[in-house]
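All of these numbers come straight from a predicted model, not from anything done at the bench. Each chain gets a letter, A, B and so on, in the order its sequence line appears, and its residues count up from 1.
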Amino acid sequence: MIDWEYSESIESAEIVSIKKKYANYIGGKFLEPKSKKYLDTISPSTENLLAKVPLSNQQDVNSAVNAARIGFETWSKISPSQRSRYLFKIARLIQERSREFAVLESLDGGKPIKESRDFDLPQVAANFFYFAGWADKLDLSWSTKSLKPYGVVGQIIPWNFPLLMLAWKIAPALATGNTVVLKPAESTPLTALLFAEICEQAGLPAGVVNIVTGDGSTGSLIVNHKDINKIAFTGSTQVGKLIQKSLAGREVGLTLELGGKAANIVYEDAAIDQAVEGVVNGIFFNQGHVCCAGSRLLLQESIHDQFISKLEKRMQSLRVGNPLDKNTDIGAINSKEQLDKITNLVNEGLEDGGELFQTQCDLPGNGFWFKPTLFTNVQPSYSIAREEIFGPVLTTLTFRTPEEAVEIANNTEYGLSAGVWTEKGSKILWTADRLDAGVVWANTFNKFDPSSPFGGYKESGFGREGGRHGLLSYLKASS
Amino acid sequence: MGKVINTTNPSLQWSDVLEMINDSRIDSVGLNERVNSLSTRSIKKDSKLDALNMIVSMCDLTTLEGEDTEGKISQMVAKAIKPDPLDTSISSVAAVCVYPSLVSIAKEKVSNSNVKVAAVSSYFPSGQVPMESKLLDTKYAIDSGADEIDIVINRKAFLEGDFRKVFDEIVALKEVCNDVHLKTILEVGDLKTYENIRKASIISLVAGSDFIKTSTGKLAIGSSRQACYVMLKSVLDYEALSGVKAGIKVAGGIRDSKDAIRYLVMINEEMGSDWLSPNLFRFGASSLLDDVLKQIKKLKTGAYQASYYFPRG
């Protein structure tokens with residue numbers, strides 16, 4: 001018997017060249033910010049400075065919206081098949097440069113290279129391919145021909161899947177004839193700026209895609225801009241509510257994809273070993289920075305002890321560390337701010353009386369890290385059972401009957417996703433029918449496909465992204 | 001039923017088997033996903049050399065042919081003791097595996113080395129004979145000096161649903177083996193489904209097998225990492241029930257070092273380092289060893305060497 005340690009297997013960062021300072025991408029040009037101000041973007045796994053990006057102000061947002069308005073004149077008039085060709089070209093270019101994007105995503109955001117390489121980038125390309133296919137078939141998508149693009153769409157995206165959220169937003173918007181002003185998250189702007197290069201490479205007409213970086217103030221300028229026709233936002237419920245208030249009374253379209261506190265229901269007749277895997281994937285994928293993460297484990301009482309013991313053992317085999325190591329399962333927490341939020345909620349959980357299990361592992365000295373964490377003995381009233389933690393923290397609740405499972409699952413302000421684990425098909429259907437969640441996964445979790453609509457109920461937002469329904473988020477009935 | 005069976009763990013009963021096999025729920029989509037995800041581990045540098053050395057020490061060199069002769073056995077044993085005569089840092093393999101009639105010759109050739117002699121018995125590979133013959137076959141191998149016995153389960157009874165018969169036969173063969181190490185071959189290529197592999201694993205383990213083994217190597221479908229995964233989960237559940245750590249041998253179709261390393265990763269991450277030992281994990285693959293030796297040479301010298309640099313086994 002030996003203690004077999006895996007040697008480091010580091011994906012080389014040399015494939016991507018990071019500039020010291022970036023510019024906004026407006027009207028097909030890379031423009032210095034008129035604000036003259038910049039934000040630092042760091043690598044959360046080392047806290048090293050990666051680059052400076054514009055902190056865009058009102059003038060910058062004005063230029064971007066104007067450019068998008070001019071771009072709309074061209075883009076809405078070219079033939080749908082030409083739009084389709086541009087999107088296909090973007091998809092292929094992303095595939096060609098996917099390693100570069102994957103490395104940059106892991107450096108800037110902290111997620112393991114295994115995930116950016118095997119999940120994010122293939123999904124990004126798939127979304128562009130999928131919506132490229134719709135661009136010249138919109139008359140087949142919905143039965144009316146009186147649907148028209150909104151015009152200029154403002155898109156504000158989060159830091160958990162920076163490039164994938166960009167793809168979810170830009171691909172359907174462009175396919176339906178809109179032009180966009182997109183603001184990536186403050187802590188993860190770099191892949192969006194690299195995407196601007198792809199737009200150039202693809203020869204996309206000027207002004208069709210505009211990318212401005214900044215913080216919340218920049219986002220608010222986009223939302224409140226008078227010449228914006230629609231806002232698409234993915235992020236926290238708190239900010240989503242602010243946006244909705246700002247837009248009240250204005251003729252601006254809105255879709256919101258917000259928080260979640262998904263129940264992952266494991267019945268006693270589930271395939272236990274695979275359910276353990278699914279629960280691990282549900283909460284520890286992308287450090288738990290997933291709006292549809294299965295953050296509430298609902299266990300049938302009869303299998304509680306057996307399941308928890310298998311789960312803890314499995315969690316112990318998760319490898320936490322350098323995101324660029326190909327064997328890393330859990331990377332860095334995206335920011336200091338997020339780490340503090342997770343830490344505070346976990347402390348509250350302990351004070352409330354939750355029982356804590358954390359894996360034993362060494363964490364790197366620099367950067368932001370949190371050990372994979374499991375809470376048992378949790379009551380539905382604890383904040384860790386109600387609030388979105390958005391980190392690698394799983395909360396366990398128990399139930400006795402299917403009725404009770406559904407009641408607990410729906411006992412939340414959110415309704416984005418849910419999971420059901422049982423080998424009995426009829427029970428899957430019975431449960432799924434009763435769950436208020438935009439997506440219900442059965443005997444799996446966190447599965448995505450561009451053809452499948454995604455979106456929430458209740459405070460998880462409204463509007464759908466992906467699939468035929470995703471097109472409707474960027475089309476409005478014309479008079 | 002309910003009578004206490006004489007197994008490694010005497011407290012277990014047939015009712016325990018029934019309870020466990022009725023609980024054999026496996027989701028094949030999820031299982032494949034997990035196995036595939038483990039296969040993306042990137043094993044480089046020192047960890048690769050460690051793995052390759054482990055694989056050598058876990059290998060059972062095997063010849064199970066009608067054409068086997070004393071000469072062939074001598075060749076194989078010599079290779080088993082010193083897999084690479086030019087590199088003395090490489091350990092001998094775990095065992096040689098032969099038919100019962102060749103056990104005494106193999107035993108004489110391994111003499112004082114660490115290499116064990118395993119015999120396939122119970123009318124390997126089909127097992128289609130009366131129980132008396134299986135017992136006789138096994139007894140003969142043990143009397144000839146076998147250190148380990150590899151038996152096959154009664155697939156006829158298993159596929160007919162007579163699990164009790166499968167169980168009783170293993171128990172009876174275990175009694176003959178006594179302290180001699182018993183490996184029970186499930187022949188996963190005949191069982192086909194993951195649920196069947198799980199049931200056969202549980203039956204074999206509770207009946208007292210020291211090891212469960214995937215395949216005879218005589219079918220087109222040999223071992224797979226998926227089958228191994230089902231078996232290792234069964235071994236862990238059996239350990240949780242009985243406290244006994246049983247071993248696993250994968251055999252048939254393990255082509256090269258890369259594939260073998262993927263098995264080790266799975267064992268390491270699912271079972272832990274206790275199982276990274278020839279006492280609890282074995283590879284049965286005659287052609288695997290030469291590829292492993294080549295890869296070791298490549299890591300040490302930077303160059304691949306032609307097959308003729310490695311002696312025949």
Grab the two heavy atoms, one from [X] and one from [Y], that are nearest each other, plus how far apart they are.
{"X": "A:Y6", "Y": "B:I43", "value": "CD2-CD1, 3.6 Å"}
{"X": "B:K44", "Y": "A:S9", "value": "CG-OG, 3.8 Å"}
{"X": "B:K45", "Y": "A:E8", "value": "NZ-O, 3.2 Å"}
{"X": "A:Q274", "Y": "B:D27", "value": "OE1-N, 3.1 Å"}
{"X": "A:D329", "Y": "B:R41", "value": "OD2-NH2, 2.8 Å"}

**OP:** Enter the distance from A:I10:CD1 to B:S42:OG here, rounded to the nearest 0.5 Å.
**Re:**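 Reported value, rounded in 0.5 Å steps: 9.5 Å.
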Subject >> Gap between atom CZ of B:R25 and atom CD of A:E423 - 0.5 Å precision >> reply: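 Answer rounded to 0.5 Å: 7.0 Å.
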If I measure from the heavy atoms of chain A, does [X] come under 4.5 Å with its side chain, its backbone, both, or neither?
{"X": "B:V29", "value": "neither"}
{"X": "B:E270", "value": "both"}
{"X": "B:N268", "value": "side chain"}

I'd like to know whether [atom1] of [X] has more than 12 heavy-atom contacts from other residues, nucleotides or ligands below 6.0 angstrom.
{"X": "A:E404", "atom1": "CD", "value": "yes"}
{"X": "B:K300", "atom1": "NZ", "value": "yes"}
{"X": "A:K371", "atom1": "NZ", "value": "yes"}
{"X": "B:N22", "atom1": "CG", "value": "yes"}
{"X": "B:N114", "atom1": "CG", "value": "no"}

Original post:
What option among A:E5, A:E277, A:K326 has the most heavy-atom pairs under 4.5 Å with chain B?
Top reply: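 The answer is A:E277.
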Original post:
What part of A:D269 is in contact with chain B, defined as an atom under 4.5 angstrom from a non-hydrogen atom: side chain, backbone, both or neither?
Top reply: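 Both parts, backbone and side chain.
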**OP:** Please name all residues satisfying salt bridge (Lys or Arg N to Asp or Glu O under 4.0 Å) with A:D118, sequence neighbours left out, ordered by chain then number.
**Re:**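 So A:D118 forms no salt bridge (Lys or Arg N to Asp or Glu O under 4.0 Å) with any residue.
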Original post:
Of all the residues in residues 296-323 of chain A, which have a heavy atom that comes within less than 4.5 Å of a heavy atom in chain B?
Top reply: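 Listed by number, the contacting residues are A:K310, A:K313, A:R314, A:S317, A:R319.
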Original post:
Do the side-chain N and O atoms of A:D273 and B:Y229 include a donor-acceptor pair separated by under 3.5 angstrom?
Top reply: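 No, because no side-chain N or O of A:D273 sits under 3.5 Å from a partner of the opposite role on B:Y229.
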Subject >> Side-chain heavy atoms of A:W4 within contact of B:S273, under 4.5 Å >> reply: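 In short, these two side chains do not touch, never coming nearer than 4.5 Å.
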